[in-house]
Amino acid sequence: MNLLPFVASGLGLGGVYAMSSVGLVILYRASGTLNFAFGAFACLSAFLSWQLIQEGLAPPLAWLVGIAAATAVSFAYGRFVAPRMAHRDRVVRAIATLGVALVILGSTAWFWGVGISRRLALPTDYSFIRLFGVRVTGTHLLAIAIALVMVGGIGLLLRYTRIGLGMRVLASNRHVSALIGVKVVTTDSIAWLIHGAFAGIAGLLLADLVRLDQAYLTFLVIPAAASAILGRLSSLPGAFVGGLFAGLLEAILTGVPALNGFRSAGPYVAALLFMTIIGAGRGVGANE
Amino acid sequence: MTDVGKSGVLPVAGWALDEAVARRFVAIIAVVAVLTAIIAASAGGYWLSNFTQAYCTVFAVMGCALLYGQLGLVSLCQWALVGVGGWASLRVYHSFHPPFLVSMLAGGVIASAVGVLWGLPALRMRGLYLALVTLMLAGAFQVVIAVTSFPVGGPGFLGQVGADGNARKMIARPDFASSDTAYFVFVAIVMLLGILLVEAHRRSKPGRAWALIRKNELMAAASGVRIVFYKAWAFALSGFLAGVAGALLAGTFGQLDASAFPASQSIVLFIGTLLGGTGVWLGAFVGGVLTQAVPALLTDFNVNTYVGLVFFGLALTHALMVAPEGLGGQLTALAEGLRLRFFARRPS
């Protein structure tokens with residue numbers, strides 16, 4: 001059987017997962033918080049842009065406003081709420097982000113209503129390339145490209161700049177980093193700002209590629225977490241590859257009739273096997 | 001507190017319980033009995049069905065609270081275990097048509113075994129990694145159950161009947177609790193037994209072992225606590241509670257709907273657990289009612305359900321920042337304060 005067409009469509013889905021998992025790992029690397037509200041930030045950005053476009057605003061401006069809103073919410077959470085839980089262990093900090101996720105999910109669902117078919121179109125939808133006879137749209141390629149640029153950019157930031165060094169120290173041990181003079185609040189805030197902006201961009205692309213639906217976008221964070229696990233939660237290129245792998249796995253399972261129905265479980269099963277056999281417990285902060 | 005001498009010890013199911021514990025048990029029974037009587041007497045139809053579901057959810061929350069409160073383990077697959085228990089009890093019922101109680105216990109035992117299996121990674125992982133493993137399990141379960149669905153009395157292992165809706169069979173409630181009100185009281189009694197089971201564990205050897213493990217695993221091992229055994233026991237007990245919850249839910253409707261078991265519901269259940277509080281039994285009760293009944297009641301009052309979600313989120317943030325003992329803990333502290341003020345004969 002020829003699986004190549006499925007590989008091509010898997011690249012599209014892989015782009016979606018790669019983008020979300022890179023988004024998760026960026027913040028985890030920079031501040032030690034696994035943000036379950038990543039999808040909710042993305043959802044806010046997508047819905048706000050959609051609304052503004054409906055109101056007649058020029059699309060590029062609407063996208064910017066959406067991204068700005070996600071950035072602002074992320075910053076506000078990271079600056080005013082997250083520090084008050086900084087002394088709790090990692091898992092509690094991750095669970096706490098579910099609070100803001102529910103608030104955003106609830107308010108967007110309340111304001112915009114659920115179950116209504118909406119469409120957020122990007123101009124890149126209309127250009128495509130043919131790969132193994134499957135159309136891969138410009139938006140899919142854009143998602144992969146942006147994820148790659150983020151991996152490279154953040155990688156360089158973490159590796160070569162003062163602020164990046166601060167982020168790495170902060171993620172490793174908050175108390176010690178404060179002791180040795182890292183500006184904890186500033187560093188943390190920058191991490192949340194970058195994370196929020198990325199969530200905003202991801203939201204626009206995901207809403208276009210998958211669905212403009214509150215619960216779907218919010219809980220897209222679950223397969224994204226699976227992809228991030230495949231990158232050991234700590235490696236940015238790992239998260240990117242993990243995302244692509246998860247997407248490819250799901251698409252290739254579509255081509256296997258016996259497993260077709262179970263294809264969405266692919267990323268979870270892969271993550272479970274990865275964690276139990278190889279062990280993800282050696283990444284950042286694993287000794288906590 | 002009187003000396004725990006010969007007269008103060010009540011041997012209950014092999015556990016020695018002193019007077020304070022006995023008093024606590026009586027208080028639990030009294031509170032649940034009064035609430036259940038009020039609801040059974042006044043609520044009907046929609047509300048009764050919702051409170052029955054809420055009581056079933058209390059079961060699932062208890063399992064979550066046990067793992068988090070006693071061992072500090074975050075399990076995000078508890079609602080999936082409810083699904084496992086529901087599936088198993090329906091499977092057993094449609095295969096052998098035993099009395100409801102037998103299907104229910106079978107669901108509990110099978111979910112308990114699955115819970116131990118799913119908890120195995122916990123023997124190696126802790127904290128965030130365990131939370132993620134369990135979340136992945138819940139995600140995988142969501143996909144699998146959407147494909148296999150719950151048995152409805154059809155042929156084969158999966159028990160499906162295809163498109164023929166008339167061929168769907170329901171699980172029968174117990175003979176003595178076939179009406180909605182009687183079933184609600186039945187669920188309340190089972191729930192009470194569950195609460196007492198957990199309390200008995202917390203106040204005896206397993207509870208002390210868990211407390212020590214939570215404090216420091218090496219220390220626990222050094223003092224002779226069998227860590228693997230007691231961790232597995234906690235997972236077994238919490239799986240059992242979730243499984244019974246699944247069977248009771250199946251009994252409420254006669255069948256279960258696969259779409260009711262998304263991974264996100266396991267997350268919501270854990271949030272409900274934190275809001276209720278994991279330190280006291282009342283926490284699980286409050287958590288279950290918050291998770292299940294409040295959204296449904298908001299709908300009944302024509303308030304948008306999503307407003308409830310917003311409050312849920314805010315309450316979670318608040319609870320994590322300033323009230324780690326949860327609503328249940330706050331209520332218990334209030335009750336204890338009132339008791340000391342008005343009824344205390346001796347300082348305790």
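Letters A, B, ... mirror the listed sequences (proteins, then strands); counts begin at 1.
Minimum interatomic distance between Leu102(A) and Gly313(B) (heavy atoms only, all atoms of both residues): CB-CA, 3.8 Å. Among all heavy-atom pairs drawn from Tyr268(A) and Ala140(B), the shortest one is CD1-N, 3.5 Å. Residues Ala96(A) and Leu316(B) share a closest heavy-atom pair of O-CD2, 4.3 Å.
Residue contact with chain B, scored on non-hydrogen atoms closer than 4.5 Å, involves the side chain of Ala94(A) exclusively. Leu137(B) touches chain A through backbone and side chain together, each having a heavy atom under 4.5 Å away. When heavy atoms are compared at a cutoff of 4.5 Å, Phe219(A) approaches chain B solely by way of its side chain, counted from C-beta outward. In this structure, chain B has heavy atoms under 4.5 Å from both the backbone and the side chain of Ile95(A). In this structure, the portion of Phe270(B) lying under 4.5 Å from any heavy atom of chain A is its side chain and not its backbone. Contacts of Val144(B) with chain A are made by both backbone and side-chain atoms, with heavy-atom separations under 4.5 Å. Only the side chain of Ala271(A) has a heavy atom closer than 4.5 Å to any heavy atom of chain B. Residue contact with chain A, scored on non-hydrogen atoms closer than 4.5 Å, involves the side chain of Ile271(B) exclusively.
The OH atom of Tyr129(B) lies 7.5 Å from the CZ atom of Arg90(A); values are rounded to the nearest 0.5 Å. The distance from atom CZ of Phe274(A) to atom CE of Met136(B), rounded to the nearest 0.5 Å, is 13.0 Å. Separation of atoms CG (Leu34(A)) and CG (Leu128(B)) is listed at 5.5 Å; rounding is to 0.5 Å.
Ranked by heavy-atom pairs under 4.5 Å with chain A, the first of Thr317(B), Leu132(B), Val74(B) is Leu132(B). Comparing Ile267(B), Val268(B), Leu274(B), Val133(B) by heavy-atom pairs within less than 4.5 Å of chain A, the highest count is held by Val133(B). Comparing Val103(A), Val269(A), Leu105(A) by how many heavy-atom pairs each has under 4.5 Å with chain B, the most go to Val103(A).
Taking a 6.0 Å sphere around CZ of Phe245(A), one finds it holds 12 or fewer heavy atoms contributed by other residues, nucleotides or ligands. In Trp112(A), the CH2 atom is crowded: over 12 heavy atoms of neighbouring residues, nucleotides or ligands sit closer than 6.0 Å. Shown here is Phe311(B), whose CZ atom has no more than 12 heavy atoms of other residues, nucleotides or ligands within 6.0 Å. Heavy-atom neighbours of Arg84(A) CZ from other residues, nucleotides or ligands within 6.0 Å: at or below the threshold of 12. Taking a 6.0 Å sphere around OH of Tyr306(B), one finds it holds 12 or fewer heavy atoms contributed by other residues, nucleotides or ligands.
At a threshold of 4.5 Å between non-hydrogen side-chain atoms, the residues Leu135(B) and Phe36(A) count as touching. The closest side-chain heavy-atom distance from Tyr68(B) to Val92(A) is below 4.5 Å.
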message: Would Met321(B) and Val81(A) count as a side-chain contact (heavy atoms from CB on, under 4.5 Å) here? Give the steps.
response: CA-CA 9 Å; Met321(B) 284 200 292; Val81(A) 183; 4.2 Å; yes
